[in-house]
Amino acid sequence: MMELVRPRRESALIVAAVLLPAVLLGWFGYSQIHRNLTETAFERRQALAAMAARALQEKLEGLLNLAVSLSTRVRFRELISQDDWAGAIRLLESVPRDFTSVERVLIADPQGTLKADSPALPEVIGVNFAFREWYRGAVAGKGPYVSPVYKRTAKPRLNVIAVSAPIFSESKTLLGVLALQIRLETILEWSRETKVGPGGLIYFLDHKGQVAAHPRHSLEAEIADYSRHPLARSVLKGEQGAAVIYDPEKKGESVAAFASVGKFGWGVMIEQPAPEAFRARDGVLAFVLLVEGITVLVALLAALGLSASYRAVKEQEEKFRSVVETAKDAIISTWPDGRIMGWNRAAERIFGHERRQALGRPVDMILPERYRHSFKLQPASWPVEVAGLRKDGSEFPAELSASDWAAGGKKFLSFVVRDISEQKRSQEEIIKKKEELARSKTELEQLELFAFVATHDMQEPLHKILAFGNKLKQELGPEVDEAGRKNVDRIQDAARRMVEMMEQLRAYSRISTEGNPFERVDLTEIGKEVVAALGPRLAESGARIENGNLPVVQADRAQMRQLLSNLIDNAVKFRRPGVSPVVRLTSRRPAAHTVEIVVEDNGIGFDEKYLGRIFRPFQRLHTRQEYDGSGIGLAICQRIALRHRGGITARSVPGAGSKFIVTLPAESL
């Protein structure tokens, strides 16, 4: 009896020694790749949310600056102090026309009673709005204020926000409050500047956690309160990040990224269906290219404006000023002695000096002191990288290009200064991502090599188990009872299954490392070869294969044969009891550069909620006693499709058959 116990224990140890590395290897490889790719998708959407937050902050700061600029005009304050509210509002009548983001201008007295508005709505004149956040925020803070979302009093009762600023006399006495009412369509228009990707959406929260703008929310509906939402609470705390959440409307998971909008306490939320978010890994690079293209286009427009001004400064002055003032880059022009004569809005924003403060000063004030003697500001045929100096003394990386132009016999200089802080950060991030991607690729190749070598080396002890099992049965013969022979048979069956699994795992690891060069492959002929090779199995099951006209593609012939063989073999294997299998091979062109190969059967089918499992190695929906096989055939099919820059998916209904769809590039068709 001891002689039987020892081989049994050693067999268990051998099985454990073989299974444990395989399980650990599979788990480690899957978790490592999944984690790296998921983190990359999260980081990209965090970057989008942060970018949208910065854009929203710039828009709100621009509106605040506009409100402050209007409320501090000398003539405006004089009219308010004289209780000439009609005269004061006439000064601001053009604001809604000149600034498309401003819907209405409101002026209230120190007690909050509305005295004047434009466009005029008589029904609200004389109404006290001291309860409104825009009034209380401006009065309490004694400065400009961005209100949360509220439903306006005038009809239609739309949801709006307001940017307000207190109106003070020269003696700092409160004369009233100026408010710029902003419709939420404006914020939705701002959101369209950020490209979230297919199926994605972006929306904004105010500092109370209310939805300020959401593409699915009506502007006349009740204000949605998200303050209890876990991600919204994180935004209100000034945090940023990303997470996978459940979307009850689509009944599926989405990737959500969020970011806080700086000093305003607002927040940006970005959502995209999880399948789309994890498929579009290159979205960030596409966005960077898009931003660079827009920047180049703006620079080209500015250069065209400057070129036109060379020929006729007086004739093109208005057109030139329009281009200069709307440019995103700082455009500065100087007198022949180097003093500043032109200073656009972008220069005010980038350097912090207002136009009236900059005009007449030496142009080298835009450079740090250490550069003013060693770097001469003169025309150059290409941009040079310099350090810019802001009004507050901080420095930033910038690109500077200069050109000269003549008028009235004198030579003038013009400079275009671009703040490249974001570009520098983006370049550093791209370099970092490239390094991480290279490391991930190297690790994946090492894992594939390890899997190949490990499965090759592990077959030797398995073959020995089979050989010693045969020898054991031959030498012991009749001395072994029926139970002993069954145990030996079980050991050999387990070893054979393990050899088969090792062979399948080696085939899986060789798809990328030992693939053949691509050539023109007629898939119709490949289908016929596969049907001929599976002849005995098809005859045994009574299967009928309907081989349609399949396309010619650039592919690895052997791997295409293996892909179709695995799919047809699966279709025959998973047949319904008492029903002869029918397998149809068809193709179609869903797009100009894509072809789909469809393998459809009338078998047992499966629940599509298991779609994510069936393409994983060794994931089975049925026991080995029900249907034989190693459980890696579909994983090999997916690996082959990915190597050919394609993909594979399936559609199925339990008891009604399955349809496997292989997508391949069709450039060569």
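Values below: every heavy atom of this structure, side chains too, minus hydrogens, waters and symmetry copies. Keep in mind it's a predicted model, so treat the numbers as computed, not measured.
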Report all side-chain donor-acceptor pairs from residues 84-99 shorter than 3.5 Å, counting only partners two or more places apart or in another chain.
from	atom 1	to	atom 2	distance (Å)
Asp84	OD1	Gly87	N	2.9
Ser94	OG	Asp98	OD2	3.3

Pairs under 3.5 angstrom only: tabulate donor-acceptor contacts from the side chains of residues 48-62 to other protein residues two or more places apart or in another chain.
from	atom 1	to	atom 2	distance (Å)
Arg54	NH2	Glu422	OE1	3.2
Gln57	OE1	Gly262	N	3.4
Gln57	NE2	Glu61	OE2	3.2

Residues 223-231 side chain polar contacts: donor-acceptor under 3.5 Å, at least two apart:
from	atom 1	to	atom 2	distance (Å)
Asp225	OD1	Ser227	N	2.9
Asp225	OD1	Ser227	OG	2.8
Asp225	OD2	Ser227	OG	3.3
His229	ND1	Leu231	N	3.1

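Using modelled atom types, one finds no donor on one side chain facing an acceptor on the other under 3.5 Å when comparing Tyr150 with Gln210. For the residue pair Thr153 / Arg132, a side-chain donor-acceptor distance below 3.5 Å is found, with atom types taken as modelled.
Within the 4.5 Å cutoff, the side chain of Ile182 has no heavy atoms near those of the Val160 side chain. Side-chain contact check for Glu354 versus Lys391: every heavy-atom pair is 4.5 Å or farther apart. A heavy-atom distance below 4.5 Å is found between the side chains of Trp134 and Val177. Counting heavy atoms from C-beta on, the side chains of Glu133 and Lys208 come closer than 4.5 Å. Side-chain contact between Asp117 and Ile107: absent, with no pair of heavy atoms (C-beta onward) separated by less than 4.5 Å.
The pair Lys424-Glu399 fails the salt-bridge criterion, with no side-chain N (NZ, NE, NH1 or NH2) lying under 4.0 Å from an Asp/Glu carboxylate O. Electrostatic pairing of Arg390 and Asp419 counts as a salt bridge here, judged by a charged N lying under 4.0 Å from a carboxylate O.
The main-chain N or O of Glu348 is never found under 3.5 Å from a side-chain atom of Arg355 such that the two would form a donor-acceptor pair. Distance alone, capped at 3.5 Å, places no donor-acceptor pair between the Thr113 side chain and the Asp109 backbone. For Gln272 (side chain) and Pro198 (main-chain N/O), a donor-acceptor pair under 3.5 Å exists by modelled atom type. A donor-acceptor contact shorter than 3.5 Å links the side chain of Ser81 to the backbone of Arg77.
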*Any chance you could lay out the salt bridge (charged side-chain N to carboxylate O under 4.0 Å, His left out) test for Arg425 and Glu428, step after step, and finish with the verdict?*
CA-CA 5 Å; Arg425 281 193 288 269; Glu428 293 172 359; over 6 Å; no
_Full working for ring-ring contact (aromatic ring centres under 6.0 Å, His included) between Tyr203 and Phe258_ = CA-CA 10 Å; Tyr203 54 95; Phe258 55 91; over 10 Å; no
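Taking the six-membered ring where tryptophan is involved, the planes of Trp343 and Phe351 are tilted, since the angle between them lies from 30° to 60°.
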